[in-house]
Amino acid sequence: MSELNEQGSKLLNLLADGEFHSGEKIGELLGVSRTSVNNYIKGLQEIGLDIYKVPGRGYQSAKAIELLDEKQIRSLSNNPLVKVEQILDSTNQWLLDKIPNIKNGQTCIAEYQLAGRGRRGRTWVSPFASHLYFSYYWRFDAGIDKLSGLSLLVGIATVNALEEIGIQGVSLKWPNDIYYQGKKLAGILIELNAQANEACHTVIGIGINVCMPPEQAKLIDQPWIDLDSLSGEKMDRNLLSAALISELQKLLPEYENSGLQPYLQRWFDLDCFLDKPVNVLLAEQNKPGICRGINESGALLLECDGKIESFIGGEVSLRLA
Ligand code: BTN
């Protein structure tokens with residue numbers, strides 16, 4: 001299924017309350033037969049919605065679903081350039097396809113990604129209405145040279161947004177993972193469209209785990225956590241989206257003017273590996289050392305045998321003592 005048609009959307013909005021709805025009533029609402037109702041239900045189950053049928057009572061979503069609300073996000077963030085889609089391939093791709101005909105601040109958020117992308121060619125598991133799949137467009141007139149610290153800045157913006165909605169204790173793992181007590185909470189994937197000596201178009205993709213369905217959790221091969229379990233509350237994805245937009249709106253122009261320098265201290269405060277023994281995994285090498293934070297270009301600083309070396313690429317993992 002590549003999109004929900006009008007009936008599919010109506011059915012989704014009806015079942016979102018988590019109450020029972022009889023097949024007969026659903027058929028009337030959609031203007032379709034009981035058999036077709038079954039097909040629409042199957043369509044929603046295919047995209048990961050947990051919908052049951054109980055004889056004599058009807059259909060029910062296993063939990064109430066709070067859908068993304070485009071109008072609310074626009075008004076809370078004071079940004080009219082927000083597009084909410086129900087189903088698409090990838091929110092990053094949606095924006096990339098529209099370059100250069102979009103303006104700074106254009107945002108795309110989806111309920112479901114058919115082909116959500118993670119870093120290093122991985123898939124980003126994207127079950128329906130469970131997490132936040134968010135992409136934001138920004139054009140850098142100074143070109144690609146300015147961008148080495150961008151993913152770090154976006155990490156800081158994401159932590160700021162989480163703090164604004166009441167989530168404390170989140171930390172950053174160089175270059176762009178968001179962690180909570182050693183488990184991955186969110187990831188950032190920045191994709192570029194750039195030509196030499198021209199403005200650089202960036203699509204900033206952020207995926208945040210909000211409420212992981214048990215079936216989808218089995219597909220993830222690393223320790224993870226979601227906002228609902230760490231906060232003990234049902235998190236509001238509309239508030240979170242608006243907070244992210246507001247932070248990016250504020251920080252990106254500042255970063256364009258002054259680079260990463262004003263944010264270095266904030267990074268040091270949030271760095272989960274600062275002053276810890278780590279391994280930097282490079283293409284053919286595994287470099288052990290002590291993590292000493294970052295420099296103004298966003299490079300990782302590693303102390304090896306008393307000397308500081310800087311790294312732009314690679315992955316960092318904690319080295320067990
Ligand atoms: C990572 O591997 O840690 C980065 C994950 C980034 C996922 C987000 S979800 C919204 C945006 N659209 C995508 O296809 N990917 C990013």
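All values below come from the heavy atoms of this structure, side chains included, with hydrogens, waters and symmetry mates left out. Just follow the structure's listing: the first ligand is 1, and inside any ligand the first atom is 1.
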(request) Please determine, by modelled atom types, if Asn79 and Gln249 share a side-chain donor-acceptor pair under 3.5 angstrom. (result) yes
(message) Please enumerate all residues that pass side-chain contact (heavy atoms from CB on, under 4.5 Å) together with Leu239, with sequence neighbours excluded.
(response) Leu76, Ile165, Asp236
(message) Tell me whether the rings of His131 and Tyr133 are parallel (<30°), tilted (30 to 60°) or perpendicular (>60°).
(response) perpendicular
(message) If only side-chain N and O atoms count, and only distance matters, is there a donor-acceptor pair under 3.5 Å linking Thr202 with Glu191?
(response) no
Dump the pairs for me: ligand 1 N or O, protein N or O, distance under 3.5 Å, to 0.1 Å.
unit_1	atom_1	unit_2	atom_2	d
ligand 1	2 (O)	Arg119	N	2.7
ligand 1	3 (O)	Lys184	NZ	2.6
ligand 1	12 (N)	Thr91	OG1	3.0
ligand 1	12 (N)	Gln113	OE1	3.0
ligand 1	14 (O)	Ser90	OG	2.8
ligand 1	14 (O)	Gln113	OE1	3.4
ligand 1	14 (O)	Arg117	N	2.7
ligand 1	15 (N)	Arg117	O	2.7

(request) Indicate yes or no: at least one non-hydrogen side-chain atom of Met235 is less than 4.5 angstrom from one of Arg237. (result) no
(request) In plain terms, say whether Asp50 and Lys63 are close enough for a salt bridge, that is, a side-chain N and a carboxylate O under 4.0 Å apart. (result) no
